[in-house]
Amino acid sequence: MKAGLTMLNQKAVKVFALCLFIWFIVRYLLRGSDRPEYVLRSSTGQFWGKDLALDEKSDVNALKPDGGENSGVPQANHKAEVEEMPNDLQAEVPSENKDAQRIVHLDLKGAAPKVKYLEQIFPLFASLGASGVLIEYEDMFPYDGDLSLLSSSFAYSVEDIMEINRLAKISNLEVIPLVQAFGHLEFVLKHEKYFGLREVAELPNSLNPRVPDSLALLKEMLTQVMKLHPQTQYFHIGCDEVYGLGTSQDSKTSDGELGKLYLSHVTAVGKFMTETWPSVKLLLWDDMLRKISVDTLKESGLPILVTPVVWKYLPQLDIKMISSWISRYEQAGFKRMWFASAFKGATGEDQMWTPLGAYLHNHGSWLEIISSLGNYPQITLEGIMLTGWQRYDHFSVLCELLPVAIPSLAVCLQTLKHGYFNEKAQAEVQHILGCKVKVDKDLCYGTGAFAGVELYHLVHTVHINFQTSMEDLLKNRHLRGGFSPYHRKYNFGNPRNLGFFQHKLTRTLKEWETVIGNLRSEMQSIYFPDTIEEWLEENVNPHLDRVREVLQDVQRVIQLRGRPKSQKLV
């Protein structure tokens, strides 16, 4: 009886084991149906030990944590990205617009790179899919004669401009100069010599179109810039955000129609340019045209002089509104059009780090608009300008530096090239930059191989750790309990308590000074001294100085060896 039970138990164990084995096999065979679609696999690359490539079935809109590189990332982040990138944006660029130019904007009214850096970065632009650069010179142009006071002390030389043109040509990049001809003329109107040309006497923003010397000034500026760009096919005259138009006494005595006043000035500039350089195509920002009637636009003759650049930088564009602008421009007689997106400098005046998702989705929206251009048969899309603002105006602080925004530029250019940021676009970005872009993390993972990548990593370190580290030091319990503002005011404290804090303060400060020293060194290879000083003053020096002052006070009080508080204020 006992032997029979033993045999029965053994059979039961075997059956159980067999069932368990079958269950594992079935689970293994079926696991593909519910595994994450965003899977990484090894390849043959050598960027940081192994190349990370997307699985063939992956989809940029199916991002899910995979338990590996994505583990710990909240599912909500991925869901938000899916919701912000609708499926209807994932279409190929219409064939009739595949030849549209992709122009990278260099805003030189802040953090203008040295020519040596442009030599490194132009080939990168081209490899990422750019066909040209829009250079907004501002005070970096070497104006001469009576205009020489407009140039910064660090302005490019004539030889520099010629070298920039040569470097662009080597990389097959079209150079499009941009000279503001109405609004955003702060770099000119800040000088006392030109106060009389201001639309509003107290403000340096906009030119008064009714003052005869205004047009004369612009003609000389435009002529000097064209002289150093004789081969250019396009010229951008700006003319956006003409703040205060109609405020001056001259403007008030006009017919009262601000649209006509604006158009009369722009057409005068346009006629001068087209008559002097007939082969050059003129461009201008479109925002001041949006509220001017179709009939007024037609009557002005502007549609035969210039091409509007329709711009908007929000992650989610109002497609209906922008379509209405395009429709009105078509009715007014414009035959060509450009669009303008953004890859940096449009999400905050003092932004230090570039939010990749915002700019990716801005380009997704523009792709939707591009795909609808068949509804406007009289309009030909010539290209899209990827703006990279460095300041909001001439007097504003710096936005994120150009090397910091290279991954964003790469994502945006490849999105335009491929129709959306699909696996092929991601693979190209990774191959060209030498690091893997994670849009939801606003980061390019890996060592990287693009010009300026060392500065990219150092700025990221400052961005995520520096200010927090400085604040944590000043919140230290030994400092709060043993060296408060009152202690510092009356110059006393317990050396024992201060000793605990002094070591950590000294060590942390030394570590950060090393990081900032390396950052300064990397900036020196790319930027002029004024940019380095400004960036450090805005982002680093105030925090370091505050901690240094505390350390000096700590060291002084420790040397007093626990004496009574002073009766005199320090």
Is it the case that atom CZ in R520 sees more than 12 heavy atoms from other parts of the structure closer than 6.0 Å?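 No, the 6.0 Å shell around CZ holds no more than 12 heavy atoms from other groups.
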Evaluate the ring planes of [X] and [Y], with Trp represented by its six-membered ring, and classify them as parallel (under 30°), tilted (30 to 60°) or perpendicular (over 60°).
X    : Y    : result
H265 : F182 : tilted
H191 : Y194 : perpendicular
Y456 : H460 : parallel
W389 : Y313 : tilted
W285 : W311 : perpendicular
H394 : F187 : tilted

Any donor-acceptor N/O pair, [X] side chain to [Y] backbone, under 3.5 Å:
X    : Y    : result
W353 : D442 : yes
N362 : L314 : yes
T531 : G110 : no

Residues forming a side chain to side chain contact (heavy atoms under 4.5 Å, CB included) with N165, sequence neighbours excluded: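 Here the qualifying residues are I161, V175, H229.
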Can you list everything that forms a disulfide (SG to SG under 2.5 Å) with C239? Sequence neighbours excluded, please.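 Residues passing disulfide (SG to SG under 2.5 Å) with C239: none at all.
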